[in-house]
Amino acid sequence: MNSKRAAFVIALVLSLAALLGLAWAANVEDELKKLETDRAAAVVKGDVATLEKQTSDDYTLINVNGQMSGKSQMVDAFKSGKTKLTSDELSDMKVRVYGNTAVITGKATVKGTIGGKDVDGQILFTRVYVKKGGSWQSVAFQQTRVGNE
């Protein structure tokens, strides 16, 4: 009888641990979705301070026009007005977390200019975040225009 109780207790502890792990993962996913939504709002507001804080110094951006740049070029484009979005609505976000690294994929409906070129329409995106010093920072972002089918 003792071995049955021990097995039950072990199964119960493992089940509880699994449930706690799922709750933690859901919490992290929600945190990252909010971070991404806040970042989109910062882009529309031209809130360069937020973008700088949420962006790693070794950041790489490949924009919808196929241009690659780093953090300083991205920030400068917002400061100069070369990049200005009046709308950046996110949808269909999927978050995958791998320890201190997370990948977000999704869709955005954007209006405005990127690199001085009109970008009104839908894009698909992939963003990679890394947790550094207790905070998530964007290290890479790739945009692809959704083609007219």
Side-chain angles (χ1 to χ4, degrees), residues 10-149:
I10 290 170
L12 185 62
V13 168
L14 291 175
S15 296
L16 184 57
L19 287 173
L20 288 173
L22 288 174
W24 174 83
N27 225 11
V28 171
E29 286 179 22
D30 289 344
E31 175 187 359
L32 286 160
K33 283 181 180 179
K34 182 178 180 340
L35 184 64
E36 190 65 21
T37 302
D38 290 349
R39 188 179 178 93
V43 163
V44 172
K45 290 177 191 171
D47 182 354
V48 174
T50 295
L51 296 175
E52 286 180 321
K53 179 182 171 191
Q54 293 180 352
T55 305
S56 176
D57 289 340
D58 60 352
Y59 175 78
T60 301
L61 162 69
I62 301 173
N63 73 23
V64 70
N65 297 319
Q67 300 161 323
M68 188 172 353
S69 63
K71 179 180 179 176
S72 62
Q73 293 93 348
M74 180 266 298
V75 168
D76 289 346
F78 278 102
K79 285 180 178 177
S80 71
K82 198 170 186 180
T83 295
K84 172 67 180 142
L85 295 185
T86 58
S87 178
D88 189 2
E89 299 295 323
L90 306 181
S91 63
D92 302 333
M93 282 192 286
K94 180 178 180 182
V95 178
R96 294 179 309 248
V97 180
Y98 307 98
N100 285 336
T101 304
V103 178
I104 299 179
T105 54
K107 185 183 289 187
T109 303
V110 297
K111 290 182 182 175
T113 58
I114 293 178
K117 297 180 182 178
D118 285 336
V119 292
D120 293 6
Q122 289 192 322
I123 61 166
L124 299 175
F125 68 88
T126 300
R127 184 179 307 277
V128 179
Y129 283 99
V130 173
K131 197 165 199 175
K132 297 179 177 186
S135 298
W136 291 100
Q137 285 195 313
S138 177
V139 296
F141 187 55
Q142 161 89 49
Q143 301 171 316
T144 303
R145 190 181 313 269
V146 175
N148 296 332
E149 297 180 33

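Since the model is a prediction, treat every value here as computed from it, not as a measurement.
Inter-residue side-chain proximity for R39 and L51 is flagged as met; some heavy-atom pair is nearer than 4.5 Å. You'll find the side chain of L124 stays beyond 4.5 Å of the side chain of T105, heavy atoms only. Side-chain atoms of I114 and Q143, non-hydrogen and from C-beta on, do get closer than 4.5 Å to each other. Using a 4.5 Å heavy-atom cutoff, the side chains of V119 and L85 are in contact.
For the residue pair Y59 and A140, the shortest heavy atom distance occurs at CD1-N, 4.0 Å. Closest heavy-atom contact between G81 and T113: O-OG1, 4.4 Å. In this structure, S56 and V139 approach most closely via the heavy-atom pair CB-CG1, 3.7 Å. Heavy-atom minimum distance, L32 versus A102: CD1-CB, 3.4 Å. Smallest separation of non-hydrogen atoms from T83 and G115: OG1-N, 3.4 Å.
For the atom pair CZ of R145 and CD of Q122, the computed distance is 12.0 Å after rounding to the nearest 0.5 Å. One finds the NZ atom of K107 at 12.0 Å from the CG atom of L90 (value rounded to the nearest 0.5 Å). The OG1 atom of T126 sits 10.0 Å away from atom CD1 of I62, with the distance rounded to the nearest 0.5 Å. Atoms CG and CG, from D30 and L35 in turn, are 12.5 Å apart once rounded to the nearest 0.5 Å. A distance of 9.5 Å separates CD of E89 from OG1 of T37, quoted to the nearest 0.5 Å. For the atom pair K111 NZ and D118 CG, the distance stands at 12.0 Å (nearest 0.5 Å).
Side chain of N63 to backbone of N65: a donor-acceptor contact under 3.5 angstrom is found. For K84 (side chain) and V44 (main-chain N/O), a donor-acceptor pair under 3.5 Å exists by modelled atom type. With hydrogens and angles ignored, the 3.5 Å screen pairs no side-chain donor or acceptor of E52 with any backbone N or O of A49. With hydrogens and angles ignored, the 3.5 Å screen pairs no side-chain donor or acceptor of Q54 with any backbone N or O of W136.
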Just do the side-chain contact (heavy atoms from CB on, under 4.5 Å) check on F78 and D47 with the steps written out, would you?
CA-CA 9 Å; F78 278 102; D47 182 354; over 6 Å; no
With side-chain contact (heavy atoms from CB on, under 4.5 Å) as the criterion, how do Q67 and Q73 come out once you've worked through the C-alpha distance, each side chain's angles and the decisive distance to 0.1 Å?
CA-CA 11 Å; Q67 300 161 323; Q73 293 93 348; over 6 Å; no
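Inspection of the Y129 and E36 side chains reveals an N or O donor paired with an N or O acceptor under 3.5 Å.
The ring pair (Phe, Tyr, Trp, His ring centres under 6.0 Å) analysis of residues 95-125, with sequence neighbours excluded, yields the pairs F125-F141.
Between K71 and the options T55, T60, D57, D76, a side-chain hydrogen bond (donor to acceptor under 3.5 Å, both in side chains) holds for only D57.
Under the 4.0 Å criterion applied to side-chain N and carboxylate O atoms, K132 and D58 are assigned as salt-bridge partners. With respect to the salt-bridge test (charged N to carboxylate O, under 4.0 angstrom), the residues K34 and D38 qualify.
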